[in-house]
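These notes are about the structure you will find just below.
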2 protein chains.
Amino acid sequence: MDEPWRGVPTISQVAQAAGVSRATVSRAFTRPQMLSQETVSRVKSVAARLGYVPNQVARALSTGRHGNIALIVPDVANPFFPPLIRGAQARADLAGACLFLGSSDENADREDTLVAKFTGQVEGVILVSSRLDEERIRHHAGRVPIVLINRDVTGLPRVLIDTSVGISAAVDHLAEFGHRRICYVAGPAASWSNQQRRKAMRAAMRRRGLEMVAVTAQRASFEAGRDIVAALLGTGATAAIAFDDVTAQGILVALAERRIAVPERFSVIGCDDVLGATTFPPLTTVSARCDEAGEVALDLLGDVTRLKAMREIRYVLDTHLVVRGSAGTVPAAR
Amino acid sequence: MDEPWRGVPTISQVAQAAGVSRATVSRAFTRPQMLSQETVSRVKSVAARLGYVPNQVARALSTGRHGNIALIVPDVANPFFPPLIRGAQARADLAGACLFLGSSDENADREDTLVAKFTGQVEGVILVSSRLDEERIRHHAGRVPIVLINRDVTGLPRVLIDTSVGISAAVDHLAEFGHRRICYVAGPAASWSNQQRRKAMRAAMRRRGLEMVAVTAQRASFEAGRDIVAALLGTGATAAIAFDDVTAQGILVALAERRIAVPERFSVIGCDDVLGATTFPPLTTVSARCDEAGEVALDLLGDVTRLKAMREIRYVLDTHLVVRGSAGTVPAAR
DNA sequence: GCATTCTCTGCAACCGGTTGCGTGTCAAGA
DNA sequence: TCTTGACACGCAACCGGTTGCAGAGAATGC
């Protein structure tokens with residue numbers, strides 16, 4: 001009587017209760033057009049009464065398709081990734097898929113382990129800003145469909161955020177304010193984004209005939225940005241473009257601590273547009289459309305798994321400058 | 001010959017190649033002590049050569065145990081949740097489990113759908129700051145083990161962050177600086193945390209014989225915090241304790257825009273300690289230990305599923321004040 | 001009125017593992 | 001020599017769905 005068991009009804013119980021075979025119940029949910037209207041509705045009402053819901057695991061085993069997708073990011077806590085996750089999530093919902101999340105803590109070995117653990121449980125994996133070497137990425141790509149974000153590996157589908165346009169606009173913006181010597185605050189050397197941004201900035205500066213200097217923050221973090229400020233000021237630059245917004249935020253705070261007004265005495269531009277206007281002054285930055293990157297990657301993964309064809313796909317999102325209040329006229333005298 | 005198929009070998013292929021039965025291969029991985037040393041090593045070496053890795057889905061179907069856990073949060077992009085996610089993730093790793101992530105966008109219906117979708121694919125669900133009504137939570141709890149974070153439903157295992165100690169300390173801190181009239185900037189009315197914080201603050205103020213006023217931000221966000229500042233200043237308070245750090249950050253920025261120095265002319269204290277020292281001035285706040293909450297919830301879920309006993313568990317984490325630089329002496333004159 | 005086609009449903013195999021039970025082997029004990 | 005029992009392994013059923021194939025009626029064509 002008093003069954004204290006979490007009873008999730010199975011297809012057999014529904015079949016028995018409805019007086020049909022298991023196959024019919026299955027089809028009532030997956031191919032209703034194969035059945036008569038009447039049978040479908042009867043089965044469905046019985047199923048609803050019993051609270052039946054198809055077991056995804058069993059379904060996955062027999063069909064080979066469980067709409068699950070894994071998303072692996074270097075660090076959930078980095079504000080760059082949540083919007084991306086949210087974008088992917090939204091698309092996954094539309095496709096009726098569930099999202100596995102993995103956070104590698106910027107550690108290649110952990111990332112490796114995660115991919116291996118997810119493989120076999122998901123239909124595809126999205127690797128964001130992967131820290132893995134090409135060989136290992138290719139190895140995994142041989143066992144499960146993979147889509148890369150912010151990593152450019154030939155032959156694999158990938159979505160890249162091309163910040164060069166935005167960076168170029170940022171340089172123009174600063175140049176118009178009269179800045180002649182601008183500093184690039186670099187991020188992790190292994191990061192594809194960092195290399196790309198540095199290159200874009202160098203090109204834009206040369207085109208304008210301006211003088212580029214650079215300092216390197218050991219990692220992309222608020223603390224790194226704050227710690228780099230002494231070196232940054234030592235370069236004699238009047239403005240800085242930082243690898244990402246978080247670093248820029250660190251710079252902003254360190255400048256405030258030194259009572260150096262932004263943008264009156266120093267201009268700062270970030271990258272990624274993940275902080276919105278939450279800083280003071282509100283950060284002028286290069287939008288990175290990370291949410292879109294998540295969406296596109298998920299759609300791409302859908303195409304890849306559906307078509308079974310691993311075409312050479314290289315989806316590039318461009319960027320633009322978001323002008324807020326952290327860049328301004330160059331100080332008259334130094 | 002040229003098999004272009006992603007060939008993941010099955011247990012049968014390994015069995016054949018090793019000249020044993022499927023059962024033996026299975027046991028070589030799950031119960032090696034049942035087999036002779038020699039057989040185990042032979043099977044394992046064959047498996048390694050073929051690149052065999054047990055299919056988790058099949059395993060889950062037959063055992064009923066797939067170490068997967070779902071975590072549902074209202075909003076990935078709210079900085080309160082990433083540390084929590086990270087904490088849960090770390091514990092899941094230790095347990096060899098994978099994490100499903102769901103983001104409900106603060107929407108109860110979406111949350112409902114998500115739970116339903118995850119149920120049957122996971123061994124347990126962790127609901128963070130759930131927007132669901134009690135009835136629906138109990139309904140789901142009847143189908144899958146559930147652990148709640150920041151939600152107090154009798155009879156269900158839950159971990160609560162008790163900010164009352166921290167809030168009380170915050171009030172003391174402000175009182176020592178001479179503040180007599182302090183404003184509580186409230187968050188979402190439906191939020192358990194908000195109710196609890198408000199109550200704690202009222203009690204602390206009364207105990208000290210201070211005057212509490214309150215304003216309500218319609219939602220917990222940076223914008224809401226910024227928009228509430230006019231009302232906040234209108235109350236005549238000299239200090240504010242905000243529902244959370246993000247709101248406090250909005251207040252900070254709005255005050256900066258009005259050239260009202262913090263903490264010289266106005267003191268602000270946040271809640272949750274999710275921003276670290278990234279604001280200017282660095283935010284004095286009540287630590288919420290959200291990472292720990294994630295860890296504890298996961299451990300709890302492990303206990304619940306392992307012991308099959310749904311004991312009445314109410315795990316309370318206490319908090320303390322983190323003093324940084326956004327609170328100070330009350331301005332002499334108004 | 002009979003052959004043919006179409007519609008609807010059931011049978012049974014299958015997905016890739018796990019596990020209770022049974023059997024064969026071999027050494028120790030009586 | 002004959003139990004007895006431990007040990008190592010295989011057989012076969014099972015988890016909960018899906019799906020190719022076949023068969024039973026009903027509808028259609030001639």
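A distance-only check finds no donor-acceptor pair linking the side chain of A:Arg151 to the backbone of A:Ser191 [under 3.5 Å]. Here the side chain of A:Arg42 pairs a donor or acceptor atom with the backbone of A:Ala18 at under 3.5 angstrom. Between the B:Asn107 side chain and the B:Asp109 main chain, a donor and an acceptor come within less than 3.5 Å of each other.
Rounded to a whole Å, the CE atom of B:Met34 is 13 Å from the P atom of C:dT18. To the nearest angstrom, P of D:dC7 lies 16 Å from CZ of B:Arg31. Atom-to-atom, CG of A:Asn55 to P of D:dC14 comes out at 18 Å; the value is rounded to the nearest Å. Spacing between atom NE2 of A:His66 and atom P of C:dC15 amounts to 16 Å, rounded to whole angstrom units. Remark: P of D:dG10 and CD of B:Gln16 are 13 Å apart, rounded to the nearest angstrom. Going from atom CD of A:Gln33 over to atom C1' of C:dC6 covers 15 Å, rounded to whole Å. As rounded to whole Å, 11 Å separates atom P of C:dC8 from atom CD of A:Glu38. Rounded to whole angstrom, the span from the CD atom of B:Gln121 across to the P atom of D:dG16 amounts to 15 Å.
Put simply, A:Thr39 has a side-chain N or O that comes within less than 4.0 Å of OP1 or OP2 on C:dT9. A close approach under 4.0 Å does occur between a side-chain nitrogen or oxygen of B:Ser36 and OP1 or OP2 of D:dC9. Distances shown here put every side-chain N or O of A:Arg27 at or beyond 4.0 Å from the OP1 or OP2 atom of D:dG20. An OP1 or OP2 oxygen of D:dC14 is reached within less than 4.0 angstrom by no side-chain nitrogen or oxygen of B:Ser62. Contact between the side-chain N/O atoms of A:Thr63 and the OP1/OP2 oxygens of D:dT18 is not found at any separation under 4.0 Å. Listed pair B:Arg59 / C:dG16 fails the phosphate criterion, with no side-chain N or O lying under 4.0 Å from OP1 or OP2.
Comparing B:Ala23 and A:Val53, the nucleotide of DNA chain D nearest to each residue sits closer to the 5' end for B:Ala23.
In summary, of the residues considered (A:Thr39, A:Val40, A:Leu35, A:Val43), a side-chain contact (heavy atoms from CB on, under 4.5 Å) with A:Arg27 occurs for A:Leu35 alone.
Within the nucleic acid shown, A:Val20 comes within 4.0 Å of sugar-phosphate atoms alone, with no base atom in reach, counting heavy atoms only. No engagement by B:Phe29 is indicated, since no non-hydrogen atom pair under 4.0 Å with the nucleic acid exists. Backbone-only engagement by A:Thr10 is indicated by non-hydrogen atom pairs under 4.0 Å involving sugar-phosphate atoms exclusively.
Side-chain contact, A:Gln56 with A:Asn68: no donor N or O sits under 3.5 Å from an acceptor N or O.
Distance from the side chain of B:Ile11 is smallest for C:dG16 among the nucleotides C:dG16, C:dT9, D:dC9. Listed nucleotides: D:dG17, C:dG16, D:dC9. Nearest to the side chain of B:Arg22: C:dG16. Comparing C:dC15, C:dT18, D:dC9 by their nearest atom to the side chain of A:Leu61 picks out C:dC15.
A salt bridge links B:Asp299 with B:Arg91: at least one charged nitrogen is closer than 4.0 Å to a carboxylate oxygen.
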